[in-house]
Chemist: 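Dropping a structure here in structure tokens format, bear with me for questions.
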Amino acid sequence: MLKARYSSSFEQGVTQTKATNFQKHVVVSDRLVTEQNPASAISVAEQMVKLLTAVAV
């Protein structure tokens, strides 16, 4: 049987950032948009619109 080795995100060079509890926090990396909590929903939508607008041009 072949065993695959899965490394953690941190081993692959992921950097973690965070805001204080219940504060909006959005990170955009290339085409990836991530958020910390529901308070970030509007900011995520705004960033997605920017990314999609740039692609559509």
Chemist: Looking at residues at least two apart in the chain, or sitting in another chain, which of them share a side chain to side chain donor-acceptor pair (under 3.5 Å) with Thr17?
Modeler: His25

Chemist: Side chains of Thr20 and Gln23, heavy atoms from C-beta outward: is any pair under 4.5 Å?
Modeler: yes

Chemist: If you link ILVMFWY side chains whenever their heavy atoms are less than 4.5 Å apart, which other residues fall into the same cluster as Ile42? By chain and number, please.
Modeler: none

Chemist: By the rule that ILVMFWY residues connect when side-chain heavy atoms come within less than 4.5 angstrom, directly or transitively, which residues belong alongside Val33?
Modeler: Val26, Val28, Val44, Met48, Leu51

Chemist: Looking at Asn37 and Asn21, would you say the former's side chain and the latter's main chain have a donor-acceptor pair under 3.5 Å?
Modeler: no

Chemist: Could you tell me whether a side-chain N or O of Gln36 sits under 3.5 Å from a main-chain N or O of Ala19, the two making a donor and an acceptor?
Modeler: yes

Chemist: So which heavy atom on Lys24 is nearest to which on Ala39, and how close?
Modeler: CB-O, 3.5 Å

